[in-house]
**Q** 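Dropping a structure here in structure tokens format, bear with me for questions.
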Amino acid sequence: MGLSMVLSAEDDIQVVGEAADGATAVDRAAALQPDVILMDVRMPALDGIEATRQIIAKRPDAKVIILTTFDLDEYAFGGLNAGASGFLLKDAPPIELLAAVRAVATGEATVSPRITRRMLDLYGGKLPVSGSDGSSARLAALTEREREVLIAVGEGLSNPEIASRLFLSESTVKTHVGRILFKLELRDRVQAVILAHREGLV
């Protein structure tokens with residue numbers, strides 16, 4: 001209810017539905033076709049990870065943000081394999097929640113650096129990143145500029161922040177990010193962040 005109130009107060013955001021459990025979330029996501037889904041991990045009937053997996057299976061372009069605690073519920077990491085587009089702390093301030101929803105909606109999802117760091121500390125090389133095998137060799141295919149952009153993505157920077165740092169236009173940054181994901185066979189920025197850390201770029 002609190003999240004719904006915060007989101008509904010914004011002129012550019014409309015809350016189209018809520019669900020009390022994972023099974024209902026899957027049904028409502030299919031019926032309502034929301035642009036962004038905020039998904040809790042622990043819910044009755046069906047947990048958030050399986051719900052995410054089922055939603056993405058039916059609609060690959062769906063964007064799901066996993067809600068997690070500061071200690072990072074281990075089940076949340078299954079969200080990467082399930083196709084989640086990002087992670088958000090449950091106690092995140094409203095401004096961070098709104099920024100995350102807007103970023104994911106435009107395909108510019110970012111992952112909080114402290115979430116990424118905690119995730120790597122807990123799971124190290126066991127994190128499930130699609131296409132991670134042989135990733136070191138594929139990094140060689142990146143241009144120097146693409147490598148710089150990947151490092152910035154790994155640090156959790158948004159496209160505008162990357163553009164400011166590297167003195168590029170936002171459209172150019174978006175093009176670089178797209179090429180990076182294609183060359184490294186990554187689904188989205190979430191996996192790019194994890195890969196950048198695993199390869200020691202950040």
Side-chain angles (χ1 to χ4, degrees), residues 3 7 16-19 21-43 45-69 72-90 92 97 99-113 115-116 118-120 122-135 138 150 153-154 156 158-159 174 177-199:
L3 291 174
L7 294 167
V16 297
E18 298 177 42
D21 58 73
T24 304
V26 173
D27 292 339
R28 303 220 73 189
L32 300 171
Q33 299 284 297
D35 296 313
V36 178
I37 299 165
L38 294 178
M39 183 72 73
D40 199 353
V41 175
R42 296 183 177 182
M43 295 184 292
L46 191 69
D47 67 66
I49 301 307
E50 182 56 32
T52 297
R53 184 174 291 108
Q54 291 185 23
I55 289 171
I56 297 298
K58 294 178 180 178
R59 188 175 147 219
D61 64 336
K63 298 176 176 66
V64 180
I65 299 176
I66 299 291
L67 294 171
T68 182
T69 63
L72 286 179
D73 191 327
E74 64 180 277
Y75 300 110
F77 301 124
L80 287 173
N81 271 346
S85 297
F87 292 92
L88 184 68
L89 293 173
K90 287 185 178 180
L97 167 67
V101 170
R102 291 184 175 112
V104 169
T106 59
E108 299 180 3
T110 57
V111 181
S112 168
I115 289 182
T116 304
R118 177 67 170 149
M119 183 159 47
L120 289 163
L122 288 177
Y123 288 88
K126 296 181 181 179
L127 289 176
V129 180
S130 175
S132 61
D133 294 339
S135 56
R138 288 199 300 278
L150 176 59
V153 169
S158 64
N159 282 2
K174 190 170 184 178
V177 171
R179 289 175 179 168
I180 291 168
L181 297 181
F182 175 76
K183 289 182 178 181
L184 299 181
E185 300 176 26
L186 301 173
R187 180 181 184 275
D188 52 32
R189 292 173 77 108
V190 175
Q191 292 188 344
V193 169
I194 303 304
L195 180 64
H197 281 265
R198 288 181 60 177
E199 295 297 325

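Note: hydrogens, waters and symmetry copies are ignored here, and every other heavy atom, side chains too, is used.
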**Q** Say you draw a straight line from CG of L7 to CZ of R102; how long is it, rounded to the nearest 0.5 Å?
**A** 9.0 Å

**Q** Is there a side-chain contact between V153 and V193 (heavy atoms, below 4.5 Å)?
**A**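 Answer yes - side chains close enough.
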
**Q** Check for a donor-acceptor pair, side chain of Q33 on one end and backbone N or O of A30 on the other, with a separation under 3.5 Å.
**A** yes

**Q** Would you check if Q191 and L181 make a side-chain contact, meaning some heavy-atom pair closer than 4.5 Å?
**A** no

**Q** So, for I65 and A100, which heavy atoms are closest and what is the spacing to 0.1 Å?
**A**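 Between these two residues, the closest heavy atoms are CD1-O, 3.8 Å.
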
**Q** Of all heavy-atom pairs between T52 and A84, which one has the smallest distance, and what is that distance?
**A** CG2-N, 4.1 Å

**Q** Can you measure from OG1 (T106) to CG (D35) and round to the nearest 0.5 angstrom?
**A** 11.0 Å

**Q** May I ask you to decide whether R59 forms a salt bridge with D61, counting only side-chain N to carboxylate O separations under 4.0 Å?
**A** yes

**Q** Got a second to check how far L32's CG is from E18's CD, nearest 0.5 Å?
**A**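 Separation between the atoms: 11.0 Å.
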
**Q** Taking atom CD1 of I49 and atom CZ of R42, what is their separation to the nearest 0.5 Å?
**A**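 So the gap between those two atoms works out to 11.0 Å.
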
**Q** How close do A192 and L186 get, counting heavy atoms only, and between which atoms?
**A** CA-CD1, 3.6 Å

**Q** Are any of the side-chain heavy atoms of R189 and N159 separated by less than 4.5 Å?
**A**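 Yes, side chains in contact.
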
**Q** What heavy-atom pair brings V104 and S85 nearest, and what distance separates the two atoms?
**A**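 That would be CG1-CB, 4.0 Å.
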
**Q** Looking only at heavy atoms, which two atoms of I55 and V26 are closest? And how far apart?
**A** CG1-CA, 4.0 Å

**Q** State, to 0.1 Å, how close V64 and M39 come at their nearest heavy-atom pair, and which atoms those are.
**A** CG1-CB, 3.6 Å

**Q** Atom CG in L150, atom CD in E199: separation rounded to 0.5 Å?
**A** 9.0 Å

**Q** Once rounded to the nearest 0.5 Å, what's the spacing between atom CG of L97 and atom CG of L89?
**A**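 Result: 11.0 Å between the selected atoms.
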
